2 protein chains.
Amino acid sequence: MRIVVLSGGIGGARFLAGVRAYARTAGADVTAVVNVGDDVILHGLRICPDLDSVMYTLGGGADPERGWGRAGETWTVSGELAAYGAEPTWFGLGDRDVATHLVRTTMLSAGYPLSAVTEALATRWQPGVRLLPATDDRLETHAVVTVPEAERADDGAAQRAIHFQEWWIRHRGALPTHRFVFVGADAAKPAPGVLDALAGADLVLLAPSNPVVSIAPILAVAELRDALVSGPAPVVGVSPIIDGAPVRGMADRCLAVLEVPCTAAGVAGLYGARADGGILDGWLVDETDAQSAVPGVTVRPAPLWMTDEAATVAMVRAAVELATDGGRSA
Amino acid sequence: MRIVVLSGGIGGARFLAGVRAYARTAGADVTAVVNVGDDVILHGLRICPDLDSVMYTLGGGADPERGWGRAGETWTVSGELAAYGAEPTWFGLGDRDVATHLVRTTMLSAGYPLSAVTEALATRWQPGVRLLPATDDRLETHAVVTVPEAERADDGAAQRAIHFQEWWIRHRGALPTHRFVFVGADAAKPAPGVLDALAGADLVLLAPSNPVVSIAPILAVAELRDALVSGPAPVVGVSPIIDGAPVRGMADRCLAVLEVPCTAAGVAGLYGARADGGILDGWLVDETDAQSAVPGVTVRPAPLWMTDEAATVAMVRAAVELATDGGRSA
């Protein structure tokens with residue numbers, strides 16, 4: 001069995017740990033297609049927060065307390081950058097993390113595509129799943145916001161597009177936000193391996209990642225989305241919303257920007273039923289959301305709190321069963 | 001009084017601390033023209049060991065025990081780079097140091113010349129002297145060596161030019177070495193401010209830095225050397241050799257490559273008398289080398305061990321006096 005998972009960062013990484021554990025017992029192989037819309041170049045370093053969260057988590061190097069970055073992390077470089085007055089200072093750049101970014105940036109500068117760099121970095125971490133960036137091309141999530149008057153540029157423009165990282169980390173998602181834009185998506189091609197993985201998949205899972213800024217940027221790569229929609233595998237999504245609130249992160253704020261209800265059914269509606277021009281065949285919701293109805297999509301409840309790996313494996317098993325007996329053909 | 005000092009790294013930095021202290025009492029201003037031949041790009045970072053040694057030392061941030069790098073340094077990034085198998089692993093790259101290189105590399109990538117970057121970094125360190133790279137252009141010291149048979153490239157060539165850092169740090173200067181080459185020197189122009197500083201100088205001092213790989217690369221910038229030779233200021237060198245041995249570092253190995261005797265007089269001969277097509281008017285030697293004779297150059301003995309700042313200030317005072325009463329016109 002070949003499983004492809006579309007994934008964002010931290011929540012996706014935790015979900016993938018469950019998929020990996022499931023796959024080991026089921027003899028399946030797993031390819032993770034990971035969001036790059038959060039990627040950013042800071043201090044000359046190419047930072048890929050989602051790829052790194054997945055790589056560190058699956059490789060046993062993530063900090064389980066903080067939820068992001070490396071275990072045993074130190075912050076000497078950041079402190080020194082601040083002492084030089086080097087902006088931005090709002091992005092948490094750990095020393096261990098810096099080394100990852102140095103290796104990546106050096107390889108990218110030497111001409112290797114991000115997919116090859118990711119594979120090289122993964123030789124250290126041995127994540128046990130194949131990690132692919134959605135695209136090797138530039139694809140950055142920006143938020144179109146209303147800038148506070150005091151912070152407006154010389155042209156006085158009230159609206160400005162700012163990088164997702166600035167929107168979320170610096171401004172905590174609190175600026176009046178009009179929409180998200182995936183810069184570069186028009187021209188972005190799927191990374192090598194992505195289309196083959198989708199064409200050969202027996203099942204595609206959407207991790208319970210942020211639908212607006214983690215999964216949507218992946219789907220913004222037109223050929224990738226087309227391959228998903230026209231592909232042979234059932235597509236089962238796992239709801240990132242339980243009982244009207246995001247499991248973690250900021251899906252609520254992002255959904256509000258799109259005026260989508262912050263509910264399991266709301267997110268499923270955003271993805272849409274495959275039969276209806278969307279991508280979903282099945283939708284796994286938490287038991288508290290068992291009454292969610294999504295036209296054209298098979299909805300099934302299961303406990304969705306990823307409290308430990310066993311709980312996550314049970315979720316994955318439920319998603320596989322949904323695909324097998326109640327999926328596309330339902 | 002305006003003093004220009006040509007300087008390498010660690011020894012030059014210590015000397016400059018004495019020049020700065022002297023200048024404060026004498027109301028002089030000081031410009032340091034610093035070697036960039038040791039500069040290297042590793043892990044995508046532009047590293048300027050000599051500029052940084054001077055900046056950290058004069059800014060109070062250097063490690064006085066180790067002799068190079070930052071006080072309180074940590075080595076997390078290096079350890080992680082090694083864990084990724086990222087080469088080279090032989091260069092000591094501290095975490096605090098990495099931040100300096102990140103700021104520098106980012107500014108260089110944005111188009112700022114090294115001289116502007118150096119000025120920007122110095123706003124943090126306030127070195128109390130004006131720091132100028134000898135040139136903003138690429139100028140790298142390479143050593144032409146005989147490669148051990150086991151390490152030869154596919155073409156089997158016995159001789160190869162390797163970067164000075166590889167020669168010194170990786171191989172400890174122990175490979176059979178035929179000559180040093182200053183790559184890029186033909187095209188290198190003096191950095192902005194260097195020619196003006198030399199034209200306006202009342203005194204030029206050569207720090208007791210390595211004559212072969214610290215001072216010679218500066219002089220390899222033809223317009224810089226011409227400005228020094230034709231300039232109005234007396235040029236007084238301070239011997240880096242005391243009683244037949246280098247004060248610190250590897251001047252002995254470098255001089256041997258050039259077949260120059262490792263003596264105070266040998267180094268003065270390498271620089272040459274200005275009257276004779278060289279650059280020296282005066283040459284300050286240690287008292288143990290008082291008998292050194294250098295045709296066309298006024299030689300004067302003084303204690304040259306930089307045991308503390310007061311001793312270094314006394315050296316500088318002796319050099320100033322040599323220039324004033326026994327220099328060019330002697």
Side-chain angles (χ1 to χ4, degrees), chain A residues 40-47 52 55-56 59-63 69-89 91 93-112 116-127, chain B residues 40-47 52 55-56 59-63 69-89 91 93-112 116-127:
Chain A
V40 65
I41 295 174
L42 296 176
H43 307 291
L45 300 170
R46 170 72 176 268
I47 302 170
D52 286 348
M55 182 172 79
Y56 294 157
D63 186 311
R70 294 285 309 280
E73 190 56 289
T74 54
W75 308 90
T76 303
V77 174
S78 277
E80 288 290 316
L81 289 171
Y84 279 114
E87 296 288 347
T89 53
F91 191 88
L93 195 58
D95 299 332
R96 291 176 188 271
D97 213 23
V98 162
T100 301
H101 309 324
L102 281 171
V103 175
R104 176 185 292 121
T105 306
T106 304
M107 288 190 69
L108 289 169
S109 299
Y112 292 94
V117 174
T118 302
E119 189 179 349
L121 292 170
T123 59
R124 172 179 176 195
W125 292 103
Q126 296 290 320
Chain B
V40 65
I41 295 174
L42 296 176
H43 306 292
L45 299 170
R46 171 72 177 269
I47 302 170
D52 286 348
M55 183 173 79
Y56 293 157
D63 186 310
R70 293 286 307 281
E73 190 57 288
T74 54
W75 308 90
T76 303
V77 174
S78 278
E80 288 290 315
L81 289 171
Y84 279 114
E87 296 286 347
T89 53
F91 191 88
L93 194 60
D95 299 332
R96 291 177 188 270
D97 214 22
V98 162
T100 301
H101 309 324
L102 281 171
V103 175
R104 176 185 293 120
T105 306
T106 304
M107 288 189 70
L108 289 169
S109 300
Y112 291 94
V117 174
T118 302
E119 188 178 349
L121 292 170
T123 59
R124 172 180 175 194
W125 292 103
Q126 297 290 321

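Predicted, not measured: the structure shown is a model, and the values here were computed from it. Chain identifiers are assigned alphabetically (A, B, ...) following the order of the sequence lines, protein sequences preceding nucleic acid strands; residue numbering begins at 1 within each chain.
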Item checked: Choice from B/Gly44, B/Ala83, B/Ala120, B/Gly94 maximising heavy atom contacts with chain A below 4.5 Å -> B/Ala83

Check: So which of B/Ala110, B/Gly72, B/Gly85, B/Ala99 has the biggest tally of heavy-atom pairs under 4.5 Å with chain A?
Finding: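 Among B/Ala110, B/Gly72, B/Gly85, B/Ala99, the one with the most close pairs to chain A is B/Ala99.
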
Check: Which answer fits A/Thr74, side chain, backbone, both or neither, if we ask what part of it has an atom under 4.5 Å from a heavy atom of chain B?
Finding: side chain

Next item on the list: Select, from A/Val98, A/Leu121, A/Leu45, A/Thr105, the one with the greatest count of heavy-atom pairs under 4.5 Å involving chain B.
Entry: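 So the answer, after comparing A/Val98, A/Leu121, A/Leu45, A/Thr105, is A/Leu121.
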
Margin query: Shorter than 4.5 Å, heavy atoms on both sides: which option in A/Val77, A/Val103, A/Thr123 has the most such pairs with chain B?
Written below: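 Sorted descending by pairs with chain B, the first entry is A/Val77.
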
Checklist line | Set of side chain to side chain donor-acceptor pair (under 3.5 Å) partners for A/Thr100, sequence neighbours left out | finding: A/Tyr56, B/Tyr84

Next item on the list: Look only at the side chain of A/Thr106 and the backbone of B/His43, and say whether a donor-acceptor pair between them is shorter than 3.5 Å.
Entry: yes

Notebook entry, point to check: CD/B/Glu80 to CG/A/Leu102 distance, rounded to the nearest 0.5 angstrom?
Noted result: 11.0 Å

Margin query: Could you work out, with salt bridge (charged side-chain N to carboxylate O under 4.0 Å, His left out) as the rule, every residue matching A/Asp97, not counting sequence neighbours?
Written below: none

Item checked: Part of B/Thr76 within contact of chain A (heavy atom distance under 4.5 Å) ->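 Contact with chain A: side chain only.
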
